[in-house]
Amino acid sequence: MKRNHILYLTFLSSFLVACSAGNGSKESQELDDLLSRRDSLKILLEEVNEKIVELDTATAIIHPIVSAEVVERKSYSHKVEVQGAVETDKNALIHAEAQGNIKSVHVKEGQKVKKGQPLLTIDAAIISSQIQELETQLELAKFMYEKQKKLMEEGVGTEIEYEQSKAQKESLEKSIQTLQSQQGKSVVRAPFSGVIDELMVSMGEMAAPGIPLLRIVNNDKVRVVASLTESLLSSVHKGTTVELMVPSLNDTVIHTKVSSKGNFIDPVNRTFRIRMEIHNNKMLLPNQLAKVKVTDFTRDSALVINDRALLQDVQNNTYIYKLYGDVADEQSVEKVYVKVLSQYKGEACIEPLKPGTLNEKDRIVINGAKGITETDLVKVQ
């Protein structure tokens with residue numbers, strides 16, 4: 001545009017000179033008018049050129065726009081999340097030890113029972129009859145034994161007859177003891193205090209060894225068991241803080257500690273087991289799933305930044321950009337190399353490789369850091 005104006009003015013000047021050479025005073029007046037217009041156009045051209053310079057974005061300096069956050073010093077912890085399951089030692093499926101018809105059922109589902117309380121009674125009439133029969137035989141055996149013993153003491157009886165009577169008496173006594181033991185097992189009792197979770201038989205049905213009768217459960221004391229990868233073996237110990245989250249209970253959170261640590265590495269998946277005991281439990285049930293968050297790294301006072309600020313160079317060295325200058329103006333940046341101790345949930349626990357190069361409350365670049373260098377001035381939005 002500027003070039004076109006110059007060509008036009010050059011042409012106009014040549015034309016005016018030519019006209020002035022061939023005409024008189026009339027032409028002289030026209031020449032004055034044209035010269036005046038030429039001067040006006042020159043002034044206009046200068047104004048246009050000034051506007052062009054102002055609007056020419058190619059000559060403008062553009063500063064990269066970034067976002068920034070402040071370095072914090074606070075407590076930091078890293079957690080590993082795995083899935084665990086609830087277990088209990090007091091979850092028993094009760095079986096019959098004696099055979100017979102179920103004479104009576106003394107409990108119902110959901111009922112609380114105490115240790116030793118009768119739960120079921122199995123008809124033991126046949127055993128009672130057998131005991132009475134053997135007791136009658138035992139009386140005769142005792143009589144014969146006493147007679148043979150007296151004869152032996154008098155030197156009249158024979159040793160064989162004495163030993164036979166003695167063996168007969170002892171055999172009957174043991175048989176009666178066995179039947180009495182079986183008779184005692186006709187009453188099924190609670191092995192521990194708990195709740196009747198399920199009844200599997202009814203009165204009048206046949207009970208026999210190996211056939212389950214009912215389930216009794218006590219959840220006052222349970223444990224959550226989980227498996228951790230072998231790499232955490234040196235980080236997790238007895239007493240390590242654990243956070244349990246139960247999805248089936250609206251993500252209820254329970255804070256506890258590792259009660260015991262396994263002493264065996266599974267050769268298949270390279271894991272070891274940890275257990276967390278829960279006392280006075282009122283919520284968890286056996287086989288319930290829980291998310292186990294184990295704290296494997298902690299710092300009471302650490303430099304913590306947004307992990308979006310972390311960058312890496314071609315040698316895989318980690319660095320961040322630190323800001324200098326007034327917040328309202330363009331700011332310079334400095335590359336600070338750091339060591340990342342841990343990352344968790346968008347935060348990074350770091351240490352500067354050179355002490356003093358990064359401190360609490362320093363401002364660092366979070367977004368936009370990938371497109372800048374240390375020679376750039378940046379604007380913080």
Side-chain angles (χ1 to χ4, degrees), residues 51-83 228-236 240-243 245 251 253 291-381:
K51 292 291 183 180
I52 291 174
V53 172
E54 292 178 2
L55 298 175
D56 189 1
T57 57
T59 60
I61 299 176
I62 300 176
H63 298 292
I65 298 176
V66 299
S67 62
E69 289 185 9
V70 175
V71 178
E72 297 181 272
R73 181 172 289 279
K74 62 180 182 179
S75 61
Y76 175 89
S77 62
H78 179 274
K79 298 178 182 180
V80 177
E81 182 176 315
V82 295
Q83 185 166 285
L228 298 180
T229 179
E230 182 182 4
S231 62
L232 298 174
L233 192 61
S234 61
S235 303
V236 179
T240 299
T241 302
V242 177
E243 183 180 293
M245 187 173 69
D251 291 336
V253 176
K291 293 181 180 178
V292 181
K293 296 182 178 180
V294 183
T295 303
D296 65 329
F297 178 88
T298 58
R299 285 288 187 276
D300 293 332
S301 178
L303 292 179
V304 180
I305 65 171
N306 192 318
D307 62 5
R308 296 201 307 272
L310 298 174
L311 300 169
Q312 282 190 327
D313 59 19
V314 292
Q315 286 81 31
N316 290 327
N317 298 314
T318 303
Y319 66 93
I320 61 174
Y321 279 118
K322 179 180 175 181
L323 290 168
Y324 288 94
D326 192 346
V327 176
D329 300 328
E330 293 83 7
Q331 299 178 64
S332 60
V333 295
E334 178 188 357
K335 187 182 292 186
V336 178
Y337 285 93
V338 297
K339 178 182 179 181
V340 180
L341 303 178
S342 178
Q343 287 182 248
Y344 183 64
K345 286 191 173 180
E347 290 186 334
C349 177
I350 63 169
E351 286 182 354
L353 294 184
K354 292 183 178 180
T357 54
L358 188 68
N359 299 292
E360 181 184 5
K361 296 184 179 180
D362 284 344
R363 299 173 67 251
I364 60 174
V365 176
I366 302 300
N367 296 319
K370 291 184 179 180
I372 62 177
T373 64
E374 287 187 284
T375 60
D376 290 328
L377 293 177
V378 299
K379 286 186 178 181
V380 180
Q381 63 178 4

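Around atom CG of Asp313, more than 12 heavy atoms belonging to other residues, nucleotides or ligands sit under 6.0 Å away. Within a 6.0 Å sphere centred on NZ of Lys291, heavy atoms belonging to other residues, nucleotides or ligands number 12 at most.
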- Verify salt bridge (charged side-chain N to carboxylate O under 4.0 Å, His left out) between Lys74 and Glu347, making sure each step is shown before the conclusion. CA-CA 12 Å; Lys74 62 180 182 179; Glu347 290 186 334; 2.8 Å; yes
- Query: Should Leu358 and Ile350 be marked as a side chain to side chain contact (heavy atoms under 4.5 Å, CB included) after you check the CA-CA gap, both sets of side-chain angles, and the distance that decides it?
  - Reply: CA-CA 10 Å; Leu358 188 68; Ile350 63 169; 3.6 Å; yes
- Query: Between Leu323 and Val365, does a side chain to side chain contact (heavy atoms under 4.5 Å, CB included) hold up when you go through it step by step?
  - Reply: CA-CA 7 Å; Leu323 290 168; Val365 176; 3.7 Å; yes
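Although no hydrogens or angles enter the test, the distance criterion places no donor-acceptor pair under 3.5 Å between the side chain of Tyr321 and the main chain of Leu311. Lys345 contributes no side-chain N or O that, together with a main-chain N or O of Lys79, makes up a donor-acceptor pair within less than 3.5 Å.
With values rounded to the nearest 0.5 angstrom, Asp251 atom CG is found 4.5 Å from Met245 atom CE. How far NZ of Lys370 is from CD of Gln312: 10.5 Å, rounded to the nearest 0.5 Å. For the atom pair OG1 (Thr318) and CG (Asn316), the distance works out to 8.0 Å, reported to the nearest 0.5 Å. For the atom pair OG (Ser301) and CD (Glu360), the distance works out to 7.5 Å, reported to the nearest 0.5 Å. Separation of atoms CG (Asn306) and CD1 (Ile364) is listed at 7.5 Å; rounding is to 0.5 Å. From Ile320, atom CD1 reaches atom CD1 of Ile366 across 8.0 Å, with rounding to the nearest 0.5 Å.
Just one of Arg308, Gln381, Glu69 meets the side chain to side chain donor-acceptor pair (under 3.5 Å) condition when paired with Asn367; it is Arg308. Results of the side chain to side chain contact (heavy atoms under 4.5 Å, CB included) test with Glu330 over Val380, Val378, Leu377 single out Leu377 as the only residue that passes.
By the 4.5 Å heavy-atom criterion applied to side chains, Thr229 and Val82 are not counted as neighbours. Side-chain contact between Ser235 and Thr240: absent, with no pair of heavy atoms (C-beta onward) separated by less than 4.5 Å. You'll find the side chain of Leu232 stays beyond 4.5 Å of the side chain of Val294, heavy atoms only. At least one side-chain heavy atom of Val292 sits under 4.5 Å from a side-chain heavy atom of Val242. Looking at heavy atoms from C-beta onward, Ile305 lies in side-chain contact with Leu310 at the 4.5 angstrom threshold. Side chains of Asp362 and Val70 form no contact here, defined as non-hydrogen atoms less than 4.5 Å apart.
Scanning all heavy atoms of the two residues, the minimum distance from Tyr344 to Ser77 falls at CD2-O, 3.7 Å. The heavy-atom pair separating Gly371 from Asp376 by the smallest distance is O-OD2, 4.3 Å.
The six-membered or imidazole ring of His78 lies away from that of Phe297, with a centre-to-centre distance of 6.0 Å or more.
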